[in-house]
Student: 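Sharing a structure, written as structure tokens. Questions coming.
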Amino acid sequence: MKILVLVKQVPDSAAAIKLAGPASIDRSVKPVLNPYDEIAVEEALRIRERSGGEVVLVTLGPPAADGALRAGLAMGADRGVLVTCDLAFPDPRFVGRALAAAIADEGSAGLVLAGLRSIDADGSQIPYRVAATLGWPAVNGITKLELSPGVATVTREADGGDLEILSLPLPCVLGANRGLNQPRYPKLPDLMGAKKKPVRVVDPASLAGVGQPVALAVKGLELPPPRRAARVLEGELGAAAVELVRLLREEAKVL
Amino acid sequence: MSPSVGVFLETSGGKPRPALAGALAAARAGGAPVTGLAYESEAEPCAALLGAHGGGRLLLLPDETPAGEWGAGRIAAFLAAAVKAEGLDWLTGLATPLGREVLPRAAALLDAPLVTDACAFDPGAGTVRQALYGGRVLADLAISARPAVVGIRPNSIPPAPAAGPVDRAAFGSAVVPDARIRLLRVDRQDRSGGPELTEARVVISGGRPMATAENFGILSECAAVLGAAVGASRAAVDAGIAPHEMQVGLTGKTVNPDLYIACGISGSVQHFAGMKTSKVIVAINNDSHAPIWAKCDYGIVADLFAAVPALTAALKSAAAGGGRT
């Protein structure tokens, strides 16, 4: 089966983000593959290892987003597709259309995997938009996946922690949550080998029904204010705890 | 003309989520007519909530989920159908686990713009404030297309109670969930009856030093006194001592309480991504060099196994000793 995995390059979660202007981000922050997408890539690789097929990564972004593809290729994916878009804040409706068109353009996908959400924009929306455009069913946030001919059976965590077991026909779009698997770490030779794997660069304007990239209207960006220094309570523990409760009630007024 | 705003009145155990009060305040801030969207069987508590927060129309979906139909899929289909049938300009709800499922699904059905986790929303001006990069940047967006969908981060918008009339109506248009997705079964998980993590006003979380799942009992005891939800760090979840649904942080849940108590949590950037907007952060940690000391409001440098029971005792005695109720 041909499995397409949607991946995204995101800024390193530990790096400080700086602004480059009133509505732009300093894009020199070290990029990484979105951690939820690593889980999606891992799941695709395991399916291929069990039943054969091909794992193709699809991303949308600037030329540097090639890095996200290489990270997934180093894990073991076969090849990549980079849909070019130089916008810092592309409209998710455009992203969904463009990725869906790239999937249709690839053809014969049996399954599309994605991450539950990206750790930068955190919208949890692209899997649904891609599925809606393709006319396929989608379930996001899966923690277990079983495939039988033509059918995916998935587990997802519902409200309150209950586990819902759902079935849906293939092809479909599934979003991976933590708990689905433990992604592998590429070894050095894998990282070297990933550089030689094929990546096809696609102009979205060449894809049917997509058109030119559309940006979100970002009116302003700001950094959240820093927190003031902590007040550390010292001395005998019982007294410190009593003082903490008093401060939470009388000074912070949160109790 | 004021835009019309639909609000998904999410319930838990038959009661509307308390954080909806903030969502309703945002929805009617510009004098917009509000339409509450709810299940018919929950009309009474939802009408009470709507009536106490400005009033409005209450559109009710008959509770007829056939066997094998997935509830979240039905809600999403209802929300999208209601937006179309009523010509609503905005659809809002809470960025809770259920809201994060049904609002994006409805937005995709409508091909509408979506902000999943907004911390401010002005339907009249068409502006939404959203945290990006795990809360490291706040972005103000202008949204021109209608309809548009906005999930509101619980506790981010203060409630504005005001009595108002409620006009109930049954939703008459067809609601057609994606029948290709079938619910095979639900494995119920036995959970404590505390508040839902994403909307709790107080959260107490434990890190890797909790050591065992059983040890989380000391946090539960403190949480019971506080009316708090119990959370966990990624390190605790990865160690297998807490379930993923309890994880607070970049790859877990985002919480926004008045009070966040971090026990044995070093305070990584990734953990803070999930709780940094908490009004007050308290650290209990025996490592006086942990990064959390630079980012919290109050703290006790001590072993959590001694400090948490001491805090629980102090809370109990404060509650028993009168003080504020």
Student: Any side-chain donor paired with an acceptor under 3.5 Å for B/Arg100 and A/Ser124?
Tutor: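 Yes.
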Student: Output the option from A/Leu223, A/Thr153, A/Asp122 having the highest count of non-hydrogen pairs under 4.5 Å with chain B.
Tutor: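 Greatest number of close heavy-atom pairs with chain B: A/Asp122.
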Student: Rounded to the nearest 0.5 Å, what separation is found between the NZ atom of A/Lys253 and the CG atom of B/Leu259?
Tutor: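 If I round to the nearest 0.5 Å, the distance is 14.5 Å.
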Student: Where on B/Arg201 is there a heavy atom nearer than 4.5 Å to chain A: the side chain, the backbone, both, or neither?
Tutor: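 Contact with chain A is absent: no heavy atom of B/Arg201 under 4.5 Å.
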Student: So do B/Leu184 and A/Leu166 actually touch side chain to side chain, heavy atoms under 4.5 Å?
Tutor: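 No, side chains not in contact.
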Student: Under 4.5 Å from any heavy atom of chain B, what part of A/Ala230 do you find: side chain, backbone, both or neither?
Tutor: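 Both parts, heavy atoms under 4.5 Å.
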Student: With chain B, which of A/Leu116, A/Leu168, A/Ile165 has the greatest number of heavy-atom pairs at distances under 4.5 Å?
Tutor: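 That would be A/Ile165.
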Student: What part of B/Ala313 is in contact with chain A, defined as an atom under 4.5 angstrom from a non-hydrogen atom: side chain, backbone, both or neither?
Tutor: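 Neither part, no heavy atoms under 4.5 Å.
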Student: Side chain, backbone, both or neither: which part of A/Ile126 has an atom under 4.5 Å from a heavy atom of chain B?
Tutor: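 For A/Ile126, there is no contact with chain B at all, as no heavy atom is under 4.5 Å.
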Student: For B/Leu226, is it the side chain, the backbone, both, or neither that has a heavy atom closer than 4.5 Å to a heavy atom of chain A?
Tutor: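 For B/Leu226, side-chain heavy atoms alone lie under 4.5 Å from chain A.
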Student: Check step by step if side-chain contact (heavy atoms from CB on, under 4.5 Å) holds for B/Asp140 and A/Val218.
Tutor: CA-CA 6 Å; B/Asp140 290 311; A/Val218 177; over 6 Å; no
Student: At a heavy-atom separation under 4.5 Å, does A/Ala14 approach chain B through its side chain, its backbone, both, or neither?
Tutor: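 Both the backbone and the side chain of A/Ala14 come within 4.5 Å of chain B.
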Student: For B/Ala273, is it the side chain, the backbone, both, or neither that has a heavy atom closer than 4.5 Å to a heavy atom of chain A?
Tutor: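 Interface part for B/Ala273: neither.
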Student: So, does B/Arg136 use its side chain to make a donor-acceptor pair with the main chain of A/Ala15 at under 3.5 Å?
Tutor: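 Answer holds: yes.
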Student: Would you check, one step at a time, whether the test side-chain contact (heavy atoms from CB on, under 4.5 Å) holds for B/Leu183 with A/Glu164?
Tutor: CA-CA 7 Å; B/Leu183 178 66; A/Glu164 293 178 332; 4.1 Å; yes
Student: Taking A/Ala121's backbone N and O only, do any of them form a donor-acceptor pair with B/Gln130's side chain (distance below 3.5 Å, no angle check)?
Tutor: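 Checking the backbone N and O of A/Ala121 against the side chain of B/Gln130, a donor-acceptor pair under 3.5 Å is found.
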Student: With a 4.5 angstrom heavy-atom cut-off, could you sort out which part of B/Ala95 is near chain A: side chain, backbone, both or neither?
Tutor: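 When you check distances to chain A, no heavy atom of B/Ala95 falls under 4.5 Å.
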Student: Are side-chain heavy atoms of B/Asp258 and A/Leu255 found at a separation under 4.5 Å?
Tutor: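 Sidechains of A/Leu255 and B/Asp258: no contact.
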Student: Hey, does A/Arg178 have a side-chain heavy atom less than 4.5 Å from the side chain of B/Val237?
Tutor: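 Yes. Closest side-chain heavy atoms under 4.5 Å.
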Student: Do you know which of A/Ile119, A/Val10, A/Val242, A/Asp91 has the most heavy-atom pairs under 4.5 Å to chain B?
Tutor: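 Between A/Ile119, A/Val10, A/Val242, A/Asp91, the count favours A/Ile119.
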Student: Taking the side chain as everything from C-beta on, heavy atoms only, tell me whether B/Leu132 gets closer than 4.5 Å to A/Asp120.
Tutor: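 A side-chain contact is absent here, since even the closest heavy-atom pair is not under 4.5 Å.
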Student: Please check if any side-chain donor atom of A/Tyr128 sits under 3.5 Å from a side-chain acceptor atom of B/Glu101, or the reverse.
Tutor: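 Side-chain D/A pair, A/Tyr128 to B/Glu101: present.
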Student: Could you check A/Val232 against B/Ile300 for side-chain contact (heavy atoms from CB on, under 4.5 Å), going step by step and ending with a plain yes or no?
Tutor: CA-CA 6 Å; A/Val232 177; B/Ile300 298 178; over 6 Å; no
Student: Could you tell me if the side chain of A/Lys219 sits less than 4.5 Å from the side chain of B/Leu141, heavy atoms only?
Tutor: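 Of all side-chain heavy-atom pairs linking A/Lys219 with B/Leu141, none is under 4.5 Å.
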Student: Heavy-atom distances under 4.5 Å only: say whether B/Asp178 touches chain A with side chain, backbone, both or neither.
Tutor: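 B/Asp178 touches chain A through side-chain heavy atoms alone.
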Student: Between B/Val115, B/Thr96, B/Leu114, B/Thr277, which residue shows the highest count of heavy-atom pairs closer than 4.5 Å to chain A?
Tutor: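 The answer is B/Leu114.
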Student: Is it the case that the side chain of B/Arg105 and the backbone of A/Ala138 share a donor-acceptor pair, with hydrogens and angles ignored and the cut-off at 3.5 Å?
Tutor: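 Answer holds: yes.
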Student: Indicate yes or no: does A/Asp162 engage B/Arg188 in a salt bridge with an N to O separation below 4.0 Å.
Tutor: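 Yes, this pair counts.
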Student: A/Arg156 and B/Trp70: side-chain contact (heavy atoms from CB on, under 4.5 Å), yes or no, with the steps?
Tutor: CA-CA 12 Å; A/Arg156 69 177 285 278; B/Trp70 180 39; 3.5 Å; yes
Student: Given heavy-atom pairs under 4.5 angstrom as the criterion, report whether the side chain, backbone, both or neither of B/Asp111 touches chain A.
Tutor: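 Looking at B/Asp111, backbone and side chain both touch chain A.
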Student: Side chain, backbone, both or neither: which part of A/Pro35 has an atom under 4.5 Å from a heavy atom of chain B?
Tutor: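 For A/Pro35, side-chain heavy atoms alone lie under 4.5 Å from chain B.
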Student: State, with a plain yes or no, whether a side-chain heavy atom of B/Val301 is found less than 4.5 Å away from one of A/Glu234.
Tutor: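 Side chain of B/Val301 against side chain of A/Glu234, heavy atoms only: no contact under 4.5 Å found.
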